[in-house]
Amino acid sequence: AAHYGAALDIYRETGTRRGEGVALGQIGELHQMMGEFEQAEARYQEALRIHREVGNRRFEGGVLTSLGDLLLRQGRVEASLRALDAGELLLREVDDPLAVAKLLCVRGHAVLAHGDASVASDLLAQAQASSDRLGAGPASELGRLIALLREALARGASPAAGEHPRAMGP
């Protein structure tokens with residue numbers, strides 16, 4: 001965490017807004033993994049403002065995915081789906097199939113929490129097809145996200161509040 005904070009300080013001192021936005025998003029991820037949801041949301045919102053300011057649409061889409069995941073972990077399913085909708089539009093616009101596939105996994109958990117296992121199953125199939133096209137194996141982050149969604153569908157429920165499906169290492 002200290003390294004991200006140090007990087008953030010350097011980006012701010014040098015006026016590197018793009019790097020500042022990236023560092024804030026990473027700090028948000030750390031807060032989320034530690035269960036510090038208010039701090040995570042604040043960092044994500046800061047990162048979004050910067051990414052929008054500098055036109056960094058790819059990272060804006062990534063932060064919206066993280067925010068959608070955070071909102072889902074807080075039980076704010078509708079807000080999660082709105083963030084994921086916006087993120088998906090951006091990620092498709094910049095043609096980032098890996099990021100879209102990861103987002104589809106998060107969306108699968110959100111629609112499952114919303115009570116629609118059929119749509120979650122369709123999203124799982126789309127993410128798996130993307131994974132196959134991209135050659136992402138089961139040990140990749142995408143492979144682990146797919147496995148978590150598959151497990152959630154088998155249980156009929158998404159991870160408990162506070163769990164972070166992307167907090168499983170590199």
Side-chain angles (χ1 to χ4, degrees), residues 1-110 127 130-131 134 136-137 139-149 158-170:
H3 296 296
Y4 290 122
L8 179 60
D9 290 341
I10 291 168
Y11 290 132
R12 285 181 170 159
E13 288 170 12
T14 60
T16 310
R17 299 290 283 162
R18 186 180 186 105
E20 183 180 349
V22 171
L24 284 164
Q26 292 169 331
I27 292 168
E29 289 277 343
L30 290 173
H31 283 298
Q32 184 172 345
M33 285 187 253
M34 294 185 300
E36 299 168 349
F37 294 159
E38 286 180 25
Q39 296 93 326
E41 187 169 359
R43 296 304 79 74
Y44 289 150
Q45 293 297 341
E46 285 181 80
L48 283 172
R49 279 190 296 277
I50 291 170
H51 290 313
R52 288 174 179 148
E53 172 189 312
V54 301
N56 191 347
R57 299 181 68 71
R58 181 179 313 274
F59 280 89
E60 182 182 348
V63 172
L64 285 165
T65 301
S66 297
L67 179 60
D69 182 57
L70 171 69
L71 294 168
L72 176 61
R73 301 292 160 245
Q74 293 175 309
R76 297 160 59 190
V77 178
E78 296 298 327
S80 170
L81 288 168
R82 285 191 300 273
L84 294 168
D85 286 344
E88 184 175 358
L89 287 173
L90 291 169
L91 294 170
R92 288 191 186 281
E93 177 185 306
V94 299
D95 193 27
D96 189 338
L98 178 59
V100 170
K102 291 175 184 179
L103 181 143
L104 293 176
C105 291
V106 177
R107 182 192 299 281
H109 288 286
S130 291
S131 177
L134 295 167
S140 68
E141 181 183 11
L142 177 56
R144 293 188 300 260
L145 289 170
I146 288 170
L148 283 172
L149 181 53
S158 282
E163 284 186 36
H164 190 279
R166 296 190 342 219
M168 299 183 310

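Computed from a predicted model, the values in this text were never measured in an experiment.
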| note | Closest heavy-atom pair, G21 versus A47, reported as atoms and distance to 0.1 Å, is O-CB, 3.4 Å
| message | I'd like to know whether L72 forms a side-chain contact (heavy atoms from CB on, under 4.5 Å) with R76, so could you lay out the CA-CA distance, the side-chain angles of the two residues, the decisive distance to 0.1 Å, and finally the verdict. | response | CA-CA 5 Å; L72 176 61; R76 297 160 59 190; over 6 Å; no
| message | Given 3.5 Å as the limit, does a donor-acceptor pair link the side chain of S140 with the main chain of G143, or not? | response | yes
| Of all heavy-atom pairs between A110 and L84, which one has the smallest distance, and what is that distance? | CB-CD1, 4.2 Å
| request: Mind checking the CG-CD spacing from L67 to E60? Nearest 0.5 Å is all I need. | output: 11.0 Å
| request: Carefully, step by step, assess L71 and E41 under the rule side-chain contact (heavy atoms from CB on, under 4.5 Å). | output: CA-CA 8 Å; L71 294 168; E41 187 169 359; 4.2 Å; yes
| Which heavy atom in L91 sits nearest to a heavy atom in G62, and how many Å separate them? | CD2-N, 4.1 Å
| task | For T14 and I10, indicate whether the former's side chain and the latter's backbone hold a donor-acceptor pair under 3.5 Å. | result | yes
| field | Audit row: H31, F37, side-chain contact (heavy atoms from CB on, under 4.5 Å) steps and yes/no | value | CA-CA 7 Å; H31 283 298; F37 294 159; over 6 Å; no
| task | Look up atom CG in L142 and atom CG in L104, then write down how far apart they are to the nearest 0.5 Å. | result | 9.0 Å
| field | side chain to side chain donor-acceptor pair (under 3.5 Å) evaluation trace for Q32 with S66 | value | CA-CA 9 Å; Q32 184 172 345; S66 297; 5.5 Å; no
| remark: When rounded to the nearest 0.5 Å, the distance separating CZ of R49 from CZ of R17 is 9.5 Å
| field | Candidate pair C105 and I146, rule side-chain contact (heavy atoms from CB on, under 4.5 Å), full reasoning | value | CA-CA 6 Å; C105 291; I146 288 170; 3.7 Å; yes
| request: Find the distance between CG (L81) and CD (E88) and round it off to the nearest 0.5 Å. | output: 11.0 Å
| Below 4.0 angstrom, N of the basic side chain to O of the carboxylate: do R43 and E36 qualify? | no
| said: Can you tell me how far apart OG (S80) and CG (D69) are? Round to the nearest 0.5 Å. | reply: 7.5 Å
| message | Counting C-beta onward and ignoring hydrogens, is there a side-chain heavy-atom pair between L70 and Q74 closer than 4.5 Å? | response | yes
| query | To the nearest 0.5 Å, what is the distance between CG (L64) and NE2 (H51)? | reply | 9.5 Å
| Are D85 and R107 side-chain neighbours, meaning at least one heavy-atom pair lies under 4.5 Å? | yes
| Residue of the set K102, R58, R57 for which side chain to side chain donor-acceptor pair (under 3.5 Å) holds with D96 | R58
| So, for L103 and G87, which heavy atoms are closest and what is the spacing to 0.1 Å? | CD1-C, 3.8 Å
